[in-house]
Amino acid sequence: MDPYTPAIHFRSVSYESGGKQILKNITGSYPAGKITTLVGPSGAGKTTVLKMCNGLLSPTSGEITVDGRPIREIEPTTLRRHVGIALQDAPVIKGTVWDNLALPARLQKKELSRKDAEGWLEDVGLGKEYLNAKATELSGGQRQKVSIARTLVNQSEILLLDEITSALDRTSRREIEELIVRINRKYGTTILWITHNLEQAISIGDYAWVLMDGELIETGESSLLVHPADPRVAQFVKGGSE
Amino acid sequence: MTPLSLALTLIFVIIPLLLSKTLRLGLEKDTLIATVRSIIQLFAVGYILKFVFESDSWIYILLMVALMIFAAVQNARKKGKSIPGITWKITVTIIAVEVLTQGILLGFSIVPPEAQYIIPISGMIVGNSMVLSILFLNRFTAEMEAHRDRVELILSLGGTPKQAIHAQLTDAIKASMIPTIESQKTMGLVQLPGMMSGQIIAGADPVQAVQFQLLILFLLLTTAAVSSILLGFLSYPSLFNERMQLLREQTID
Ligand SMILES: Nc1ncnc2c1ncn2[C@@H]1O[C@H](COP(=O)(O)OP(=O)(O)O)[C@@H](O)[C@H]1O
Ligand SMILES: [Mg+2]
C-alpha cells in the first residue's frame with residue numbers, strides 16, 4: 001500500500017511517564033533513504049519519538065519496527081549502532097575531537113584509524129587539523145559537526161537528528177543542512193530530523209511528521225506544510241518557526 | 001577518674017552555655033540536649049560493653065556488631081534514596097567489609113579473638129564504612145544529576161551501561177576515598193588520633209599505642225576502598241533497565 005519502504009514503523013505507539021500521556025497512539029512510518037522532518041511545538045514529544053527509534057526509551061504500548069524487525073527483539077547496542085542519534089545539545093566527552101571520534105569504536109573494543117577519522121571529518125566539512133582540537137572549546141556549529149561525524153563512525157543506516165541547528169547562526173545552519181543532504185545522498189542514510197524551522201523542513205525534508213501534544217496529526221510529503229489541511233497545523237504554520 | 005573529677009568536667013559544658021547566653025547565640029538548648037544524650041548514650045554503651053566483655057559470649061558480640069551495622073545503614077540510606085534497593089546494598093557492603101577485615105585480623109591472629117578487640121575495631125570499621133558510603137552516594141548522585149547527558153550519549157553510541165557510567169562511577173569512588181588518604185598523610189603531625197590519645201591517657205605505652213593506631217589506619221584504607229567500590233558496583237546497575245535504558249529520576253519509599 002505504501003509507495004515507499006519504511007525504515008522505521010510505529011504501530012499504535014503510546015508512551016506514559018510520571019502519570020502523563022506523552023505520546024498518544026502514534027501510527028506512521030519513516031521512508032527508507034529519505035529525509036523526514038519532525039515538526040511541532042516544544043513539549044510535543046518529538047525528542048521522545050526520536051529516543052524510541054534507537055531504544056533509549058521504550059513504548060508503554062504499541063510496537064516499533066526497524067527494517068521490519070520489532071525493536072524489542074534487537075539487542076540494544078546493535079540497535080543503537082544501526083540507528084545513530086545526534087542529541088540536542090551535541091554533548092562531547094572531555095578530550096580532543098579525536099577522542100570523541102574514537103569513542104564509538106572504543107566502545108566495541110576496536111581501534112579507529114587516523115585515516116578513517118579524517119574521512120569522517122571531511123564528510124562534515126572539517127579539516128584534519130581539527131583532530132587535535134579540544135572538543136569542549138569548539139564553537140556550537142563545530143561541536144555539532146563533530147557530533148554528527150561521531151555518529152558516522154558507527155556507519156548507521158538510520159540517523160536521528162534532534163534540533164541540531166536551532167542554536168546556530170544562519171551560516172552554520174546552512175552548512176549543516178548541506179552536509180546532511182550530502183550524507184543522505186552519499187550513503188543512502190535514512191534521516192529523521194527534528195526541527196523548529198518550517199522553512200528548513202520544507203526545503204530539506206522529503207517527508208514530514210507534525211506532532212502536537214503527543215499526537216501525530218499529519219504525515220506526508222513536505223508540501224503538506226505549505227498548505228496544511230488540519231486547522232491546528234495551519235495555526236502552527238502561521239505562528240511561524242519561533 | 002573520681003566521681004568528683006568527673007562532675008567537674010561539667011565546667012566544660014557550662015563555659016559554652018554561658019557564652020551562648022551572653023552572646024545570644026541561641027545554642028543553649030542544643031548544647032544541653034547534646035550533653036545529656038552523650039552522658040546517657042556513652043554510659044549505656046559502657047555498661048553494655050562491660051556486660052559483653054564479662055559474659056565472654058559470641059552471641060553478644062555478634063549482636064553488638066549487628067546493632068552497629070543496623071544503625072549505620074539507617075544513617076547512610078537517606079543519601080541514596082534515588083537508587084532502588086539502596087538499603088540492602090549498603091547492608092551488604094558494610095557486612096562484607098566487616099567480614100573481610102575481621103577475617104584477616106582473626107585469621108592471621110593479628111589481634112586476639114576477644115570482645116575487647118573485636119567490638120571497638122568493628123565500631124571503627126562499621127562507622128567508617130558508613131561515612132564512605134555516604135560520601136560515595138552524595139558524589140555519585142550529584143555526578144549522575146550533572147552528567148545524565150554524557151551517560152545517555154555513550155548509550156546512544158552503542159555503549160553498555162557499565163561503559164556509560166564508568167567515568168561518573170570512578171569519579172565518585174575516587175572522591176569518596178580521598179579524605180581517608182589525605183587525613184592519613186598528616187596523621188601525628190597536625191593531630192594525635194583520638195584512639196591513640198585515649199590509650200596514652202589511660203596509661204598505655206606510647207609506642208604500643210602507635211602500633212595499634214597504625215593497624216587501625218591501614219584497616220581504614222581497606223575499609224574505604226572496599227566500601228566505595230563494592231557499593232558503586234552494587235548501585236549502578238539499578239539505574240538502568242534490561243533494555244540498557246537510563247531510568248528516569250525516581251525515589252524509593
Ligand atoms: N525525563 C522526563 N520525565 C518525565 N517527563 C518528561 C521527561 N522528558 C520530557 N518529558 C515530558 O515529555 C513531553 C515531551 O517532551 P519532549 O519529547 O522532549 O518534547 P519535544 O522534544 O517535542 O520538545 C513534555 O511534556 C515533557 O515535559
Ligand atoms: Mg526536544
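To find a chain, count down the sequence lines: A is the first, B the second, and so on, and within it residues start at 1.
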When rounded to the nearest 0.5 angstrom, what is the spacing between [atom1] in [X] and [atom2] in [Y]?
X: A/Leu103; Y: B/Leu153; atom1: CG; atom2: CG; value: 6.5 Å
X: B/Gln245; Y: A/Lys51; atom1: CD; atom2: NZ; value: 10.5 Å
X: B/Met244; Y: A/Leu79; atom1: CE; atom2: CG; value: 11.0 Å
X: A/Arg150; Y: B/Ser156; atom1: CZ; atom2: OG; value: 7.0 Å

>> At a heavy-atom distance under 4.5 Å, which candidate from A/Arg72, A/Glu75, A/Gln108, A/His82 has the highest pair count against chain B?
In response: A/Arg72
>> Out of A/Leu57, A/Val153, A/Ile85, return the one with the most heavy atom pairs under 4.5 angstrom to chain B.
In response: A/Leu57
> Looking at side-chain heavy atoms only, is the closest gap between B/Ile154 and A/Leu107 below 4.5 Å?
Replying inline: yes
> Can you tell me if A/Asn154 uses its side chain to pair, donor with acceptor, with the backbone of B/Leu157 under 3.5 Å?
Replying inline: yes
> Looking only at heavy atoms, which two atoms of A/Pro91 and B/Asp149 are closest? And how far apart?
Replying inline: CB-OD2, 4.0 Å
> What are the two closest heavy atoms between A/Arg81 and B/Gly158, and how far apart are they?
Replying inline: NH1-O, 3.5 Å
>> Quick check on the structure: residues of residues 160-170 of chain B within a heavy-atom distance below 4.5 Å of chain A, by number.
In response: B/Thr160, B/Gln163
Atom group of [X] that falls short of 4.5 Å from chain B, counting heavy atoms:
X: A/Val92; result: backbone
X: A/Ile71; result: both
X: A/Leu160; result: neither
X: A/Thr78; result: neither

Crowded around [X] [atom1]? As in, over 12 foreign heavy atoms under 6.0 Å?
X: A/Glu16; atom1: CD; result: yes
X: B/Phe240; atom1: CZ; result: yes
X: A/Glu111; atom1: CD; result: no
X: A/Lys128; atom1: NZ; result: no

>> Using side chain to side chain contact (heavy atoms under 4.5 Å, CB included), reason through B/Arg243 and A/Leu56 one step at a time and then give a plain yes or no.
In response: CA-CA 8 Å; B/Arg243 290 294 297 164; A/Leu56 287 174; over 6 Å; no
>> Can you tell me which portion of B/Arg150 sits under 4.5 Å from chain A's heavy atoms? Options are side chain, backbone, both or neither.
In response: side chain
